[in-house]
*Asks:* 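Just passing along the structure, written as structure tokens.
Not measured: the values here are computed from a predicted model.
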Amino acid sequence: MSSAHRFDRGHTDDLMTFLAASPSPYHAVANTAERLEKAGFRQVAETDAWDATTGGKYVTRGGAIIAWYVPEGATPASPFRIVGAHTDSPNLRVKPLPDTGSAGWRQVAVELYGGTLLNTWLDRDLGLSGRVTLRDGSHRLVNVDRPLLRVPQLAIHLDRGVNQDGLKLDKQKHMTPIWGLGEPTEGDLIRFVAQETGITAEEIAGWDLMVHSVEPPAYLGRDQELLAGPRMDNLLSVHAATAALTAATASEGLPSIPVLAAFDHEENGSQSDTGAEGPLLGNVLERSVFARGGTYEDKARAFAGTVCLSSDTGHAIHPNYTERHEPGHHPVPNGGPILKVNVNQRYATDGSGRAVFAAACERAGVPWQHFVSNNAMPCGTTIGPITAARHGIATVDIGVACLSMHSARELCGADDPYLLASALTAFLEG
């Protein structure tokens with residue numbers, strides 16, 4: 001029987017809906033919050049006093065969301081079980097003075113965000129998304145989800161050596177999208193965004209806008225055993241963690257407090273008030289302890305018993321570049337989630353963490369794999385080491401194996417999102 005038919009594809013179908021509806025971190029947070037609300041969670045404001053009530057709660061800040069579920073019988077010293085992820089993906093983001101152009105073309109000035117795989121944004125139909133900030137301090141989401149912009153590649157007739165010498169892109173000169181003909185006029189883009197959003201340009205005081213591919217996610221392959229789509233690094237993990245958290249709330253006698261922590265700005269170092277290196281997670285956990293009548297001693301006990309699974313995408317073995325991978329570790333699509341190990345602490349996993357992850361996969365009946373980088377290749381990193389170091393929390397790095405990481409369109413096994421969510425559910429249920 002083909003691996004394409006081993007599991008109910010309902011979870012992956014829902015992931016595709018989530019990816020398409022979340023072109024920016026702000027949309028990902030709004031969609032996650034909506035799912036939590038349907039599961040009975042309620043939003044609490046950081047500026048309000050928190051109470052000791054049980055049940056599901058969440059806070060949002062920009063492109064980050066922290067959600068937790070306090071079960072009946074939880075004490076101030078009850079430990080947490082955290083799934084960490086991030087909402088941002090590498091892309092092109094609109095500059096403060098966006099209206100530009102050259103040689104009779106109207107263009108939008110953009111800045112490169114994160115480790116963008118530049119060539120994947122060429123000759124692709126792009127929309128515009130993000131948020132605008134109004135003069136009263138409120139925000140409006142923006143999603144122009146139709147072909148609006150394009151970064152055109154130079155024709156081969158004008159670059160005869162491109163297939164022999166390789167594509168060479170100047171980040172400043174060659175990545176500026178076009179969106180029309182004529183001379184650029186100051187304020188054009190924001191007037192357009194205002195019209196699309198149903199407000200006036202005069203109401204807009206600031207913006208956080210970015211481009212996104214408008215091509216929807218899709219099953220791929222003869223047996224549709226693969227999934228192609230945008231922003232799977234790392235909305236795949238955000239979606240799986242949200243599903244796992246809502247599923248865990250149905251469990252009786254939870255021994256710990258399950259938590260979803262989805263941060264922004266992982267792709268550029270996590271150093272922000274909504275990033276993993278900021279105080280947001282620590283503040284939420286501490287306030288949860290203190291709201292239940294806890295002391296500093298209770299907080300220390302709770303943190304000492306806490307475990308975090310940092311869930312992010314990793315590299316599947318690439319059939320055309322097998323020499324770039326570690327020879328003895330070849331994660332494959334639909335082989336289950338991966339345990340990411342790096343002894344230099346680019347990943348936070350150690351032997352104890354391996355045991356926690358293996359136990360969760362065993363309880364869920366889920367296969368799993370190891371990922372280790374080739375010694376000759378630099379290893380990437382995640383929010384895992386940051387979480388461990390900042391909060392003193394035992395952390396394990398895991399994820400799903402994929403190809404084309406940081407591309408505008410990535411690829412993974414179509415069964416792996418469900419397998420990851422199942423393992424995360426077992427972990428949160430503890």
*Asks:* Do L19 and M232 come within less than 4.5 Å of each other through their side chains, counting heavy atoms only?
*Replies:* yes

*Asks:* Would you say the side chains of T313 and N234 form a donor-acceptor pair under 3.5 Å?
*Replies:* no

*Asks:* Under the salt bridge (charged side-chain N to carboxylate O under 4.0 Å, His left out) test, which residues partner R324, sequence neighbours left out?
*Replies:* none

*Asks:* Please indicate whether Q172 has more than 12 foreign heavy atoms, meaning atoms of other residues, nucleotides or ligands, lying under 6.0 Å from its CD.
*Replies:*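 Atom CD in Q172 is not packed in, count stays at 12 or less.
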
*Asks:* Under 3.5 Å, is there a donor-acceptor pair between the N31 and S22 side chains?
*Replies:*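 Yes, a side-chain donor-acceptor pair sits under 3.5 Å.
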
*Asks:* Using the test salt bridge (charged side-chain N to carboxylate O under 4.0 Å, His left out), find all partners of E111 that sit at least two apart in sequence or belong to another chain.
*Replies:*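 Salt bridge (charged side-chain N to carboxylate O under 4.0 Å, His left out) check on E111 returns nothing, list empty.
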
*Asks:* Between N143 and Y26, does any side-chain donor sit less than 3.5 Å from a side-chain acceptor?
*Replies:* no

*Asks:* Does some side-chain heavy atom of L36 sit less than 4.5 Å from a side-chain heavy atom of T246?
*Replies:* yes

*Asks:* Do the non-hydrogen side-chain atoms of S310 and V396 ever get within less than 4.5 Å of each other?
*Replies:*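 No. Closest side-chain heavy atoms not under 4.5 Å.
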
*Asks:* Is there a donor-acceptor contact under 3.5 Å linking the side chains of E277 and H265?
*Replies:*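 No, H265 and E277 have no side-chain donor paired with an acceptor closer than 3.5 Å.
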
*Asks:* May I ask you to check whether S24 and H27 show a side-chain donor-acceptor distance below 3.5 Å?
*Replies:*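 Yes, H27 and S24 have a side-chain donor paired with an acceptor closer than 3.5 Å.
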
*Asks:* Please check: side-chain N/O of N334 versus main-chain N/O of E225, any donor-acceptor pairing under 3.5 Å?
*Replies:* yes

*Asks:* Side chains of Q107 and T176: is there a donor and an acceptor less than 3.5 Å apart?
*Replies:*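 No, no side-chain donor-acceptor pair sits under 3.5 Å.
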
*Asks:* So do W121 and V211 actually touch side chain to side chain, heavy atoms under 4.5 Å?
*Replies:*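 Answer yes - side chains close enough.
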
*Asks:* I'd like to check L148 versus F192 (side-chain heavy atoms, cut-off strictly below 4.5 Å). Are they in contact?
*Replies:* yes

*Asks:* For W68, run the ring pair (Phe, Tyr, Trp, His ring centres under 6.0 Å) check against F41, Y58, W50 and tell me which one passes.
*Replies:* W50

*Asks:* Would you say the side chain of N283 lies within less than 4.5 Å of the side chain of L280, judging by non-hydrogen atoms?
*Replies:* no

*Asks:* Check whether any side-chain heavy atom of H174 sits under 4.5 Å from a side-chain heavy atom of L118, and report yes or no.
*Replies:* no

*Asks:* Ignoring hydrogens and geometry, is there a side-chain-to-backbone donor-acceptor pair from S352 to D350 under 3.5 Å?
*Replies:*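 The answer is no, because no donor-acceptor pair under 3.5 Å joins these two groups.
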
*Asks:* Could you check whether H212 and N91, counting side-chain N and O atoms only, form a donor-acceptor pair closer than 3.5 Å?
*Replies:* no

*Asks:* When rounded to the nearest 0.5 angstrom, what is the spacing between OG in S89 and OH in Y113?
*Replies:* 8.5 Å

*Asks:* Got a salt bridge between D88 and R93, using NZ or NE/NH1/NH2 to carboxylate O under 4.0 Å?
*Replies:*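 Result for this pair is no, no salt bridge flagged.
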
